[in-house]
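Quick notes on the structure that follows.
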Amino acid sequence: MRIAIVGAGNVGKALSAAAVAAGHDVAVSATSRDSAEDAAATAGARAAADNADAVNGAEVVVLAVPHAAVAVVAEELGSALAGKVVVDTSNPLNDTYSDLVTVGTSSAEELQRQLPDASVIKAFNTNFASRHANPTEGGAPLDAFIAGDDANAKAKVGEFASSLGYRVIDAGELRMARSLEEMAFLNIKLNASNDWAWQSGWKLVGPTGEQ
């Protein structure tokens, strides 16, 4: 699968490396070419000249940037994202990490309104970046919760997440991104408040209908 990773921070680097290890064709872009080249070299991916170069021909575009930068990147790319599957990995934390900045909506829903011709999917926000390379705990895969309104786009992102080693949980329509962002906020608060090792992840247990 051709994957574009826009962003070369912790999430972008981790997803790039995990995607390459899973056999995907990965292009990485960042605010500076040097950052993109460093992340790409570490992952074994291609360093894109810019964001537009990264998304050109990509089957899945992963926005691995902070929430404050999501709208900026979306505005920059504009029509280049039309018809594409766009994954929002961000969590809309405020500056003091004491709450979310969204009220009655989610980062992903805001992005979908900004990009009406793209299929926005919420994914990869509920587990920490360090888990993308090894999404297992106690021998069981961690869960990748995915929300979106386009079934085909969700299936494509689910295929990608599964290839990284996650068990995919379809969380429903894009409105459920609000819950996924709250789940991530809770995980962050628990680690910060309890001085945990920032390795905890979500795993749904009990009867789920899986065979």
Side-chain angles (χ1 to χ4, degrees), residues 4-18 28-32 35-36 39 51 60-77 81 85-115 118 120-135 137 142-149 157 160-161 164 166 169 171-204:
I5 308 288
V6 178
N10 291 338
V11 175
K13 288 178 181 177
L15 282 174
S16 297
V28 183
S29 62
T31 51
S32 74
S35 295
N51 292 338
V60 174
V61 176
V62 180
L63 300 188
V65 297
H67 172 66
V70 170
V72 176
V73 172
E75 182 177 5
E76 173 200 338
L77 290 171
L81 297 176
V85 178
V86 179
V87 180
D88 174 28
T89 69
S90 72
N91 287 305
L93 295 162
N94 64 19
D95 291 339
T96 60
Y97 295 87
S98 60
D99 205 346
L100 303 183
V101 298
T102 47
V103 178
T105 188
S106 65
S107 172
E109 290 170 287
E110 291 177 345
L111 181 61
Q112 184 65 87
R113 286 191 287 270
Q114 187 178 1
L115 299 173
V120 173
I121 303 296
K122 190 73 185 187
F124 302 116
N125 73 303
T126 57
N127 293 308
F128 296 125
S130 59
R131 300 313 303 259
H132 295 321
N134 182 30
E137 189 66 35
L142 295 176
D143 292 338
F145 294 89
I146 297 176
D149 294 332
V157 177
F160 176 45
L164 304 186
Y166 284 104
I169 302 292
E173 64 275 10
L174 197 61
R175 181 254 179 268
M176 297 308 297
R178 304 176 202 178
S179 297
L180 300 189
E181 291 172 6
E182 289 285 0
M183 286 170 63
F185 179 43
L186 175 58
N187 202 14
I188 291 166
K189 288 289 287 185
L190 286 171
N191 279 266
S193 299
N194 295 291
D195 196 27
W196 290 355
W198 299 89
Q199 293 293 308
S200 54
W202 294 104
K203 180 68 181 173
L204 183 66

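- Taking OG1 of Thr89 as the reference point, atom NE2 of His132 lies at 7.5 Å (rounded to 0.5 Å).
- Looking at Glu110 and His67, their side chains come closer than 4.5 Å, going by heavy atoms from C-beta outward.
- The two residues Ala133 and Pro135 have their closest heavy-atom pair at C-CD, 3.7 Å.
- The two residues Lys122 and Ala108 come nearest to each other via the heavy atoms CD-CB, 3.7 Å.
- Phe145 contributes atom CZ, which lies 11.5 Å from atom OH of Tyr166 (distance to the nearest 0.5 angstrom).
- Atom CG of Asp143 and atom CD1 of Ile169 lie 4.5 Å apart (nearest 0.5 Å).
- Two residues are said to be in side-chain contact when any heavy atoms from C-beta on lie closer than 4.5 Å; Leu186 and Trp202 meet this criterion.
- Looking at Thr126 and Asn187, their side chains never bring a donor and an acceptor atom within 3.5 Å of each other.
- Summarising the geometry, atom CD belonging to Gln112 is positioned 10.5 Å from atom CD belonging to Gln114; distances are rounded to the nearest 0.5 Å.
- Looking at heavy atoms from C-beta onward, Phe124 lies in side-chain contact with Leu164 at the 4.5 angstrom threshold.
- The two residues Ile121 and Val85 have their closest heavy-atom pair at CG1-CG1, 4.1 Å.
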Under the side chain to side chain contact (heavy atoms under 4.5 Å, CB included) criterion, do Leu111 and Leu63 qualify, and how do the steps go?
-> CA-CA 11 Å; Leu111 181 61; Leu63 300 188; 3.9 Å; yes
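- One distance of note links CD of Glu182 with CE of Met176; it measures 11.5 Å at 0.5 Å rounding.
- Atom CZ in Arg175 sits 8.5 Å away from atom OG in Ser106 (nearest 0.5 Å).
- Contact between Phe128 and Gln199 at its shortest, heavy atoms only, is CD1-N, 4.0 Å.
- Applying the 6.0 Å contact sphere to CG of Asn194 captures more than 12 heavy atoms from other residues, nucleotides or ligands.
- Residues Ala147 and Ala171 come closest through the heavy atom pair CB-CB, 4.4 Å.
- The closest donor-acceptor contact from the side chain of Asp88 to the backbone of Val120 lies at 3.5 Å or more, if one exists at all.
- Residues Ser107 and Thr102 approach most closely at N-CG2, 4.0 Å, considering heavy atoms.
- No more than 12 heavy atoms of other residues, nucleotides or ligands lie within 6.0 Å of CG in Asn10, so this atom counts as exposed by the packing criterion.
- With a 4.5 Å cut-off on side-chain heavy atoms, Phe185 and Asn91 do not count as touching.
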